[in-house]
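To start, the structure itself, in structure tokens.
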Amino acid sequence: MSKGNSTKITDELYRYMLDHNPPLDAVQRGLVARTYATLPEVAGMQSAEEQGPLLAFLVRLTGARLIVEVGTFTGFSALSMAQALPADGRIIACDVSEEWTAYGREAWEEAGVADRIELRIAPALETLRAMPAEPHIDMAYVDADKESQISYWEELVPRLRPGGLIVTDNTLYHGTVLDESATGSAAGVRAFNDHVAADPRMDSVLLAISDGLTLSRKR
């Protein structure tokens with residue numbers, strides 16, 4: 001088996017990569033900084049810095065107008081996607097925390113995209129199951145509790161338009177996906193990855209971006 005390029009991502013190389021990607025704007029940068037300063041114990045839940053420009057790129061690439069986000073945390077990923085939407089585009093952002101998403105609400109207002117983001121504070125499965133059953137979603141970003149990922153997937157795929165995209169974060173889960181005796185979140189990610197790879201409705205690729213990112217396009 002050939003693993004191809006074996007480049008190690010050092011801190012210096014990571015900075016080089018960021019320097020050659022679209023930079024975060026002042027609102028994005030401020031939100032990232034506030035998250036780490038005020039929520040240091042859980043700030044690792046925030047999408048990696050390079051994922052903001054990537055998500056924006058995918059929004060533009062797919063021409064998405066309706067996006068569903070499962071897991072919003074402090075709102076960096078929703079902000080990045082909303083800024084890439086056309087003026088009539090919309091994100092339905094699902095989360096259960098008023099406290100964490102309050103940071104996002106402030107940043108969305110500051111960036112002038114609050115009118116593009118509809119935040120629904122409720123268990124995400126309830127929100128998804130209340131949506132129209134027919135295909136109407138252009139893109140989804142899933143970054144929430146790992147043990148429920150298959151359930152989120154099964155609600156999203158039927159509602160995704162043909163050619164629509166699901167982006168799922170943390171699909172390498174710090175390397176614990178290699179552990180066949182994994183439990184909890186790691187076991188959830190392992191089961192999800194197998195489920196996605198076997199789903200004939202979707203074309204999927206798992207990429208070694210940040211903590212693992214799976215891109216899935218509906219056939």
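- Not a single donor-acceptor pair under 3.5 Å links the side chain of Ser148 to the backbone N or O of Ser151.
- Hydrophobic clustering (side-chain heavy atoms under 4.5 Å, transitive across Ile, Leu, Val, Met, Phe, Trp, Tyr) keeps Val167 apart from Leu172.
- A search for salt bridge (Lys or Arg N to Asp or Glu O under 4.0 Å) contacts involving Glu50 returns nothing, not counting sequence neighbours.
- For Phe73, the ring-ring contact (aromatic ring centres under 6.0 Å, His included) criterion is met by Trp100, not counting sequence neighbours.
- Nearest heavy atom pair, residue Arg116 against residue Ala82, reads NH1-O, 2.9 Å.
- Applying the salt bridge (charged side-chain N to carboxylate O under 4.0 Å, His left out) rule to pairs touching residues 64-79 yields Arg65-Asp88, sequence neighbours excluded.
- Taking CE of Met139 as the reference point, atom CG of Leu61 lies at 9.5 Å (rounded to 0.5 Å).
- Taking the ring-ring contact (aromatic ring centres under 6.0 Å, His included) definition, one finds that Phe192 meets it with Trp153, sequence neighbours left out.
- Asn170 is not listed as a side-chain neighbour of Val189, based on a closest heavy-atom distance of 4.5 Å or more.
- A donor-acceptor pair is defined here as one N or O able to donate and one able to accept, closer than 3.5 Å; such a pair exists between the side chain of Trp108 and the backbone of Gly75.
- Leu54 CG to Leu213 CG: the interatomic distance, rounded to the nearest 0.5 Å, is 6.0 Å.
- A salt bridge between Arg15 and Asp19 is present, with a side-chain N of the basic residue lying under 4.0 Å from a carboxylate O of the acidic one.
- Ala78 approaches Ile91 most closely through the heavy-atom pair O-CD1, 3.5 Å.
- Every salt bridge (Lys or Arg N to Asp or Glu O under 4.0 Å) that Arg90 has, sequence neighbours left out, goes to Glu118.
- Taking both residues in full, the closest heavy atoms of Val70 and Ala124 are given as CG1-CB, 3.7 Å, listed atom of the first, atom of the second, then distance.
- Arg105 meets the side-chain hydrogen bond (donor to acceptor under 3.5 Å, both in side chains) test with no other residue; sequence neighbours excluded.
- Nearest heavy atom pair, residue Met81 against residue Leu55, reads CG-CB, 3.8 Å.
- Considering only residues two or more places apart in sequence or on other chains, Arg201 meets the salt bridge (Lys or Arg N to Asp or Glu O under 4.0 Å) condition with Glu154, Asp199.
- Linking ILVMFWY side-chain heavy atoms closer than 4.5 Å, directly or via other members, places Val68 and Ile150 in a single hydrophobic cluster.
- If you chain together ILVMFWY residues whose side-chain heavy atoms come under 4.5 Å of each other, Val96 ends up in a group of its own.
- Under the 4.5 Å side-chain heavy-atom criterion for ILVMFWY residues, a single connected hydrophobic cluster contains both Leu128 and Met202.
- Considering only heavy atoms from C-beta on, Leu156 stays 4.5 Å or farther from Arg159 through its side chain.
- The side-chain hydrogen bond (donor to acceptor under 3.5 Å, both in side chains) pairs that include a residue from residues 23-39 are Asp25-Gln83, Gln28-Ser80, Gln28-Gln83, Arg29-Glu49, Thr35-Gln46, Thr35-Thr74, Thr38-Tyr103, where partners are two or more places apart or lie in different chains.
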Practice prompt. Kindly determine whether Ile166 and Val196 satisfy side chain to side chain contact (heavy atoms under 4.5 Å, CB included), including the steps that lead there.
Written response: CA-CA 11 Å; Ile166 299 177; Val196 169; over 6 Å; no
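- Across every non-hydrogen atom of Ala144 and Gly71, the tightest pair is CB-CA, 4.0 Å.
- Of all heavy-atom pairs spanning Asn193 and Thr171, the tightest one is ND2-O, 2.8 Å.
- Cluster membership for Ile121 and Phe76, using ILVMFWY side-chain heavy atoms within less than 4.5 angstrom, is shared.
- Side-chain polar atoms of Ser47 and Tyr141 form a donor-acceptor pair below 3.5 angstrom.
- When the side chains of ILVMFWY residues are joined at heavy-atom separations under 4.5 Å, either directly or via intervening members, Leu24 and Val59 end up in a single hydrophobic cluster.
- Between Asp143 and Ser77, the closest side-chain pair of non-hydrogen atoms is not below 4.5 Å.
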Validation: residues 177-188 side-chain donor-acceptor distances under 3.5 Å, sequence neighbours left out:
{"residue": "Asp179", "atom": "OD1", "partner": "Ser181", "partner atom": "N", "Å": "2.9"}
{"residue": "Asp179", "atom": "OD1", "partner": "Ser181", "partner atom": "OG", "Å": "2.7"}

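- Applying the 6.0 Å contact sphere to OH of Tyr14 captures more than 12 heavy atoms from other residues, nucleotides or ligands.
- In this view, Tyr16 and His20 satisfy the ring-ring contact (aromatic ring centres under 6.0 Å, His included) rule, not counting sequence neighbours.
- To the nearest 0.5 Å, the span separating CG on Leu13 from CG on Leu18 amounts to 10.0 Å.
- Side-chain contact between Ile117 and Leu79 is absent, with no heavy atoms from C-beta onward closer than 4.5 Å.
- The CZ atom of Arg129 sits 12.5 Å away from atom CE of Met131, with the distance rounded to the nearest 0.5 Å.
- Between the CG atom of Leu160 and the CD1 atom of Ile137 there is a distance of 6.5 Å, given to the nearest 0.5 Å.
- Every salt bridge (Lys or Arg N to Asp or Glu O under 4.0 Å) that Arg161 has, sequence neighbours left out, goes to Asp138.
- Taking CD from Glu106 and OG1 from Thr101, the interatomic distance works out to 12.0 Å, rounded to the nearest 0.5 Å.
- The backbone N or O of Ala48 lies less than 3.5 Å from a partner atom in the side chain of Gln51, making a donor-acceptor pair.
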